[in-house]
Q: 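One structure coming up, written as structure tokens, with questions to follow.
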Amino acid sequence: MIELRALSAGYRGQPVLQNISLAFPPGTVTALLGPNGCGKTTLLKTALGLLEPIAGEVWYDGAPLSALTPRQAARRAAYLPQSRAVPELEAQRMVLHGRFPYLSFPRRYRQSDHEAVRRALAAAGAQELAERPLPQLSGGQRQKVYLAMALAQETPTVFLDEPTAWLDVRCQLDVMRTARTLADAGRAVVVVCHDLCLALRTADRAAVFAAGGLLLADTPEAVYQSGVLDKAFAVRVCRVLAGGSWQYFCE
């Protein structure tokens with residue numbers, strides 16, 4: 001399990017977030033919510049070791065992240081960033097990059113690596129894209145391929161930063177169902193998502209950030225009832241029961 005202990009994170013010594021204590025337990029989807037610029041991506045990068053903490057610590061399975069090598073950390077947590085470069089590669093070759101933490105130099109892919117890629121493409125709904133060059137894909141199709149690359153790492157924790165960006169409605173639902181499926185299989189899934197309805201319907205826990213801090217981390221029901229979403233977004237968050245589940249909207 002990954003834990004943030006009294007973590008302060010930011011850039012060039014200037015904190016964006018301060019004194020954050022939060023854990024991402026296995027079998028749980030945690031949605032990170034908050035307005036643009038509140039530090040959600042900064043939090044993910046610090047949790048992954050891509051940024052040094054200003055204060056506090058990140059712990060992986062009872063050990064400080066600082067004590068792990070990059071390869072060891074990459075075997076414990078995968079990351080889908082908001083955006084990536086678009087190299088001249090076929091999709092399946094790109095997804096193979098997710099296997100790098102398990103390879104020595106020179107890199108020689110094994111049968112198990114190719115099998116992991118097939119599983120990841122299937123889980124991301126991108127099987128039909130496997131042999132297509134990335135530059136020929138739409139933004140949404142590329143997002144599926146990058147999601148598959150993260151899944152190919154087969155880590156116990158997966159960080160997804162706006163994974164539904166550029167996707168149509170059906171694909172957005174598919175991605176969030178994938179997040180749910182991963183958690184139900186025992187992984188910890190952390191999702192940054194600006195669609196409150198998707199996030200709150202999928203997540204087991206929601207962590208709401210604003211003004212440099214963590215306002216509340218609790219179940220979606222408790223978060224909604226607290227009114228903290230209204231405070232964070234400076235809107236009124238409402239909901240109606242439709243089709244047997246809550247549908248959230250803002251006014």
Side-chain angles (χ1 to χ4, degrees), residues 1-9 15-48 56 58-59 77 79-80 82 157-165 167 169 172-184 186-251:
M1 180 170 69
I2 293 178
E3 301 173 79
L4 314 179
R5 300 183 179 182
L7 185 73
S8 293
V16 176
L17 289 168
Q18 298 188 69
N19 197 31
I20 306 299
S21 294
L22 189 63
F24 306 119
T28 301
V29 176
T30 302
L32 305 187
L33 306 176
N36 289 330
C38 72
K40 302 182 294 297
T41 296
T42 302
L43 184 78
L44 294 191
K45 290 182 176 179
T46 308
L48 287 154
V58 179
W59 285 63
Y79 178 41
L80 173 66
Q82 291 183 25
T157 301
V158 182
F159 290 99
L160 306 176
D161 195 354
E162 297 192 43
T164 58
L167 299 182
V169 173
Q172 289 177 27
L173 293 172
D174 287 344
V175 166
M176 297 306 277
R177 289 189 190 106
T178 298
R180 181 73 266 158
T181 299
L182 292 172
D184 290 344
R187 297 201 212 185
V189 182
V190 184
V191 183
V192 173
C193 185
H194 285 291
D195 187 319
L196 290 180
C197 188
L198 273 177
L200 295 174
R201 287 174 59 188
T202 304
D204 301 291
R205 293 179 61 80
V208 185
F209 298 86
L214 174 62
L215 302 185
L216 180 65
D218 210 325
T219 65
E221 178 66 20
V223 165
Y224 174 77
Q225 294 290 354
S226 73
V228 74
L229 293 170
D230 298 14
K231 178 181 178 180
F233 290 99
V235 297
R236 183 184 176 203
V237 180
C238 306
R239 68 182 184 182
V240 294
L241 192 62
S245 62
W246 291 112
Q247 304 294 318
Y248 296 83
F249 62 96
C250 299
E251 61 179 27

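Sequential numbering from 1 along the given sequence is applied to the chain's residues. Atom set for the values below is all heavy atoms of this structure, side chains included, hydrogens, waters and symmetry mates excluded.
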Q: Are the side chains of V29 and M176 in contact, using a 4.5 Å heavy-atom criterion?
A: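 No; the side chains remain at least 4.5 Å from each other.
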Q: Which heavy-atom pair separates P220 from A203 by the least distance, and what is that distance?
A: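 Where P220 meets A203 most closely, the heavy atoms are CG-O, 3.4 Å.
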Q: Could you tell me the separation between the CZ atom of R239 and the CD atom of E221, rounded to the nearest 0.5 Å?
A: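 Reported value, rounded in 0.5 Å steps: 4.0 Å.
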Q: For L80 and P163, work out which heavy atoms get closest and say how close.
A: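 The answer is CD2-CB, 3.8 Å.
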Q: Among L44, T41, D161, V191, which residue meets the side-chain contact (heavy atoms from CB on, under 4.5 Å) test with L32?
A: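 Answer after filtering L44, T41, D161, V191: L44.
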Q: Can you tell me how far the CG atom of L229 sits from the SG atom of C238, to the nearest 0.5 Å?
A: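 Nearest 0.5 Å value for the CG-SG distance: 11.0 Å.
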Q: Look at the side chain of Q172 and the backbone N and O of L167, then say whether any donor-acceptor pair between them is shorter than 3.5 Å.
A: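 The answer is yes, because a donor-acceptor pair under 3.5 Å joins these two groups.
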Q: Search all heavy atoms of H194 against all heavy atoms of G34 and return the closest pair with its distance.
A: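 Nearest heavy atoms, H194 then G34: CE1-O, 3.6 Å.
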Q: Quick one: does any side-chain atom of T30 pair with a main-chain N or O of V190 as donor and acceptor, under 3.5 Å?
A: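 Not at all, since once roles are kept as given, no pair shorter than 3.5 Å links the two residues.
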Q: Under the side-chain contact (heavy atoms from CB on, under 4.5 Å) rule, what do L241 and W246 come out as? Steps first, then yes or no, please.
A: CA-CA 5 Å; L241 192 62; W246 291 112; 3.9 Å; yes
Q: Please find the pair of heavy atoms, one from G186 and one from P26, that lie closest to each other, and give the distance.
A: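 Taking every non-hydrogen atom into account, O-CB, 3.3 Å.
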Q: OG1/T219 to CG/L200 distance, rounded to the nearest 0.5 angstrom?
A: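 One finds 10.0 Å between OG1 of T219 and CG of L200.
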Q: Check whether K40 reaches the backbone of V208 with its side chain - one donor and one acceptor, N or O, closer than 3.5 Å.
A: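 Flag not set: sc K40 to bb V208 has no pair under 3.5 Å.
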Q: Check L215 against A210 and note the closest heavy-atom contact, atom names and distance.
A: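 So the two residues come closest at CD1-CB, 3.8 Å.
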Q: Please tell me if the side chains of F24 and L4 come closer than 4.5 Å, counting only heavy atoms from C-beta onward.
A: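 Contact flag for F24/L4 side chains = yes.
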Q: Working to the nearest 0.5 Å, report the span between CG of L48 and CD1 of I2.
A: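 Taking CG in L48 and CD1 in I2, the distance rounds to 7.0 Å.
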Q: Does atom CZ (R236) have a neighbourhood of more than 12 heavy atoms from anything else shown, all under 6.0 Å?
A: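 Counting other residues, nucleotides and ligands, CZ of R236 stays at 12 neighbours or fewer.
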Q: Is there a side-chain contact (heavy atoms from CB on, under 4.5 Å) between F233 and L196? Walk through the geometry before answering.
A: CA-CA 11 Å; F233 290 99; L196 290 180; 4.0 Å; yes
Q: I'd like to check I20 versus F209 (side-chain heavy atoms, cut-off strictly below 4.5 Å). Are they in contact?
A: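 Of all side-chain heavy-atom pairs linking F209 with I20, at least one is under 4.5 Å.
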Q: Any chance you could lay out the side-chain contact (heavy atoms from CB on, under 4.5 Å) test for D218 and S226, step after step, and finish with the verdict?
A: CA-CA 10 Å; D218 210 325; S226 73; over 6 Å; no
Q: With sequence neighbours left out, which residue pairs that include part of residues 203-212 fulfil the side chain to side chain donor-acceptor pair (under 3.5 Å) condition?
A: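 The answer is R180-D204.
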Q: What pair of heavy atoms forms the shortest contact from Y248 to V237, and how long is it?
A: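 Smallest heavy-atom distance, with atoms named: CD2-CG1, 4.4 Å.
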Q: L7 pairs by side-chain contact (heavy atoms from CB on, under 4.5 Å) with which of L17, L43, N19, L214?
A: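 Among L17, L43, N19, L214, the one that satisfies the side-chain contact (heavy atoms from CB on, under 4.5 Å) with L7 is L43.
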Q: Measuring from atom OH of Y79 to atom NZ of K45, what distance do you get when rounded to the nearest 0.5 angstrom?
A: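 Output value for this atom pair is 5.0 Å.
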